[in-house]
Amino acid sequence: MSVKDSGIKLPEINASGGRSLLSSAATTKSSSTVYSRMTAISEESGLSRTPRTVSGLIQSPRPVLNEDSQFEWCGLCYDDYSDPRMLPCLHTYCSRCLNDYIEQTETTGQFACPLCKSRHTVPVDGVQGFKPNIYISAIQATKNMKNNLCETCDDGSTQADMYCLECTQHFCTRCGTIHLKMTMSKSHHLVSEKPDEHGQKMTSRSYCGEHKQEINIFCFKCRIPICSLCRDQSHELHNTQNIQEFANEVKKELTESVSLLQSYLPSLKNRLKDVESHEEAFSNVKKGLIEQVDSRSEKLHKEIEEIREKFITQINSEIQIEEDRLVIFRNRVTEAIAFVSSQVAAAKHCIDFGSNQDIAVGKETLQYHLQEASRMLPVGFIPRFEINFAEPPLTDLITQDLFGRISKQGTTTITVTECGHYKVPGMHLIRGIAPVSNARAWVVCGFDPRLHLLNRTGSRLRTIKLGHDVDVDYITSDENDNIYISCRKNRCIKLLNKDIRIRDMVVLNDFPRGIALSQSGDLLICLTKSSTYDTYRPTDKNILVKYSKVGSKVVAEFERANVQMKYPRRIAENLNGDIYVSDHKEGCVHILSHDGKVKHKYTGNDSTKLGEPCGITCDRYGHVIIADYKSNCIHLLDQQGQFVSHLTKSDSVMKQPFSVAVDSDGYLWVGGSNGVVKIFRYLM
């Protein structure tokens with residue numbers, strides 16, 4: 001019996017990133033989970049060197065891996081393992097690190113694996129309830145195999161080539177074989193530096209707890225290893241296989257998957273080198289730009305200082321002129337005062353004390369001098385000059401633009417490949433796309449009550465009608481392929497399960513438009529007072545609400561007064577919990593924190609100006625994808641809400657993109673105004 005016949009499903013790997021290699025049976029469409037799983041691949045490949053913070057746990061920088069590394073460090077502390085414990089998802093951490101992590105993140109007796117986010121129940125006896133990772137101990141033991149002698153041989157000179165993990169003793173091959181035959185040690189684990197004929201470096205035997213016989217069979221129906229007596233007594237009708245043969249088949253297929261993944265590592269490492277090169281380049285650019293700004297500042301300071309000196313010189317010159325003028329005037333006035341005073345005094349002396357003879361004789365002289373004195377009057381006017389420093393108008397100040405300007409040039413080239421397209425009969429606007437499992441997606445057109453199921457090549461697989469009274473505006477899906485339907489005029493959110501059974505989930509007072517599921521499973525809803533944005537009134541209080549998982553109560557309400565939105569059309573949540581809302585009326589995308597606080601808004605720039613943003617979604621890497629109905633293009637933003645590139649523009653086949661969605665494999669679905677749905681691959 002082959003591995004494929006046994007029902008074991010190996011992970012599907014594709015060039016765009018594919019699925020996680022450790023969780024093929026639990027594939028989820030949650031962008032955060034997919035992102036975490038892809039991060040797991042890169043982290044376990046030594047592709048990330050930046051310390052992480054996990055719920056307050058600060059890790060030291062991880063060691064740089066070489067080609068022979070066996071990942072012998074904890075994924076939380078990035079140090080050598082200490083009492084490694086393995087979770088059911090097969091990820092391993094130090095028991096102390098894991099205990100600290102669980103204490104900080106555990107809720108209702110469960111916690112999420114720091115790497116793959118799979119949820120596990122905390123054992124009754126805590127971290128010690130998880131199995132020790134004997135593989136790590138085995139890897140560490142193989143490093144100390146050389147130049148050791150067998151500890152049980154009588155001669156004391158036989159080279160050891162085995163090591164018992166339980167006994168912590170070295171054995172030669174003969175003694176190791178005897179060791180596994182002894183009752184006390186038959187279940188021990190012997191590690192060899194070189195693999196045996198089955199390709200294994202560790203030899204161990206497991207025994208049935210009921211019959212005490214060695215386990216040598218695998219039951220596919222019960223999915224458990226059993227002994228021969230178990231098969232004969234209780235599994236005789238089940239499909240079974242020799243466990244060694246089955247393990248060899250599994251190892252062969254796993255080896256193929258490992259080889260495939262390893263083939264990606266060189267290109268990933270080249271990507272890392274490219275990133276590091278860009279980081280170094282930007283560091284140099286930053287240093288150079290700051291030096292330029294400092295140089296410009298010093299130059300301007302120097303020029304300003306030179307201008308200052310010129311102004312000071314001019315001021316001193318003008319003041320000196322006026323001071324000299326005042327000195328001259330002061331001397332003139334002083335001279336006039338002295339001359340007039342002396343003449344007045346001489347005339348008064350003669351008048352008051354002179355005899356008639358003196359007055360008669362001195363008349364002409366006194367009158368002459370008094371006349372001369374009168375000629376000095378008036379002495380003139382005091383110069384009245386004001387010297388001011390006239391500042392230029394505000395427009396003439398040294399503004400940032402006059403100082404200089406920072407510009408960013410260059411574009412990110414993204415290869416976009418069309419994989420398929422589908423034309424819905426008629427000229428319907430594609431209002432919503434909800435990807436589900438197996439490379440499929442449900443599509444809704446206009447306010448039509450029908451849902452169309454398409455595959456990734458653009459073939460229609462099924463059409464269902466929800467009822468004449470159902471007015472569908474938008475749809476989204478969860479990891480279980482349940483479809484959430486925003487019914488505008490019906491003022492409710494309906495839930496369609498994978499068995500095509502529909503029920504009312506939330507009944508509302510206002511008109512629901514865009515909806516999205518948060519990472520916690522809560523439902524985010526755009527609620528408007530008017531059924532269309534054309535009838536929007538400035539007095540309308542349009543809001544965002546968050547309903548609990550079961551749709552029974554409002555968890556949070558983000559009002560228009562808080563986020564200053566006009567008409568919220570579509571909504572999405574990113575990996576970091578940020579909420580993106582396309583505001584059709586205002587022509588922007590509002591970016592909010594998880595609690596509804598405004599962070600900023602995206603309007604584009606001169607070359608990437610948003611026209612009428614409609615559909616919005618986020619992919620597993622945190623990119624934000626916006627359908628710009630008016631500008632006929634798709635905007636791609638990074639996780640910070642900054643423009644990266646235009647993904648695609650409308651063509652003769654599809655016009656005016658309105659809806660966007662990304663499926664679990666990273667394919668982009670775009671719906672236009674003419675009823676066309678296109679599927680693209682862009683995560684190369």
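No experiment lies behind these values; they were computed from the predicted model shown.
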Spacing of [atom1] belonging to [X] relative to [atom2] belonging to [Y], to within rounding of 0.5 Å:
X      : Y      : atom1 : atom2 : value
Cys492 : Arg503 : SG    : CZ    : 11.5 Å
Lys546 : Leu523 : NZ    : CG    : 10.5 Å
Leu268 : Asp274 : CG    : CG    : 12.5 Å
Arg271 : Ser277 : CZ    : OG    : 14.0 Å
Ser673 : Leu429 : OG    : CG    : 6.5 Å
Met505 : Ile493 : CE    : CD1   : 8.5 Å

Is there a donor-acceptor contact under 3.5 Å from the side chain of [X] to the main chain of [Y]?
X      : Y      : value
Thr476 : Ile515 : no
Asn576 : Asp578 : yes
Ser486 : Tyr474 : no
Tyr101 : Ala112 : yes
Asn270 : Pro266 : yes
Ser659 : Val670 : no
Ser477 : Asp481 : no
Glu418 : Ile679 : no
Ser631 : Asp628 : no
Gln519 : Leu575 : yes

Minimum-distance pair of heavy atoms, taken over all atoms of [X] and [Y]:
X      : Y      : value
Gly129 : Pro123 : CA-CB, 3.8 Å
Val660 : Ile616 : CG2-N, 3.6 Å
Gly514 : Arg570 : N-NH1, 3.6 Å
Leu637 : Val644 : C-CG2, 3.8 Å
Pro613 : Cys588 : CG-O, 3.5 Å
Thr92  : Pro84  : CG2-CB, 3.6 Å

Stepwise side-chain contact (heavy atoms from CB on, under 4.5 Å) test for Ile483 and Val436: CA-CA 9 Å; Ile483 306 299; Val436 291; 3.8 Å; yes
What I'd like to find out is whether the side chain of [X] reaches to under 4.5 Å of the side chain of [Y], using heavy atoms alone.
X      : Y      : value
Val677 : Ile433 : yes
Tyr629 : Pro657 : no
His120 : Cys113 : yes
Tyr547 : Leu508 : yes
Asp100 : Ile102 : no
Cys94  : Cys77  : yes
Tyr667 : Asp619 : no
Phe111 : Leu98  : yes

Over 12 non-hydrogen atoms of neighbours within 6.0 angstrom of NZ in Lys529: no
Enclosure of Asn509 CG (heavy-atom neighbours >12, cutoff 6.0 Å): no
Qualifying residue for side chain to side chain donor-acceptor pair (under 3.5 Å) with Asp583, from His590, Lys566, Arg569: His590
side-chain contact (heavy atoms from CB on, under 4.5 Å) assessment of Asn574 paired with Tyr580: CA-CA 8 Å; Asn574 211 342; Tyr580 289 76; 3.8 Å; yes
Mutual orientation of the aromatic rings belonging to Phe658 and His584 [parallel < 30°, tilted 30-60°, perpendicular > 60°]: tilted
Parallel, tilted or perpendicular, as decided by the 30° and 60° cut-offs, for the rings of His635 and His646: perpendicular
Stacked cation flag Arg491 on Phe511, 6.0 angstrom / 45 deg: yes
Criterion side-chain contact (heavy atoms from CB on, under 4.5 Å) on Leu544 and Ile571, from CA distance to verdict: CA-CA 9 Å; Leu544 309 176; Ile571 187 169; 4.2 Å; yes
Donor-acceptor pair between Tyr567 and Asp540 side chains, under 3.5 angstrom: no
Verdict with supporting geometry, Thr528 and Ser530, side chain to side chain donor-acceptor pair (under 3.5 Å): CA-CA 6 Å; Thr528 61; Ser530 57; 5.1 Å; no
Salt bridge present between Arg620 and Asp663 (N-O < 4.0 angstrom): no
From CA spacing to verdict: salt bridge (Lys or Arg N to Asp or Glu O under 4.0 Å), Asp665, Arg456: CA-CA 11 Å; Asp665 292 324; Arg456 198 177 288 157; 2.9 Å; yes
side-chain contact (heavy atoms from CB on, under 4.5 Å) between Asp83 and Arg85, worked out: CA-CA 6 Å; Asp83 186 18; Arg85 296 286 165 167; 3.3 Å; yes
Pair Asp522-Ser548, side chain to side chain donor-acceptor pair (under 3.5 Å): steps then yes or no: CA-CA 5 Å; Asp522 293 331; Ser548 62; 5.6 Å; no
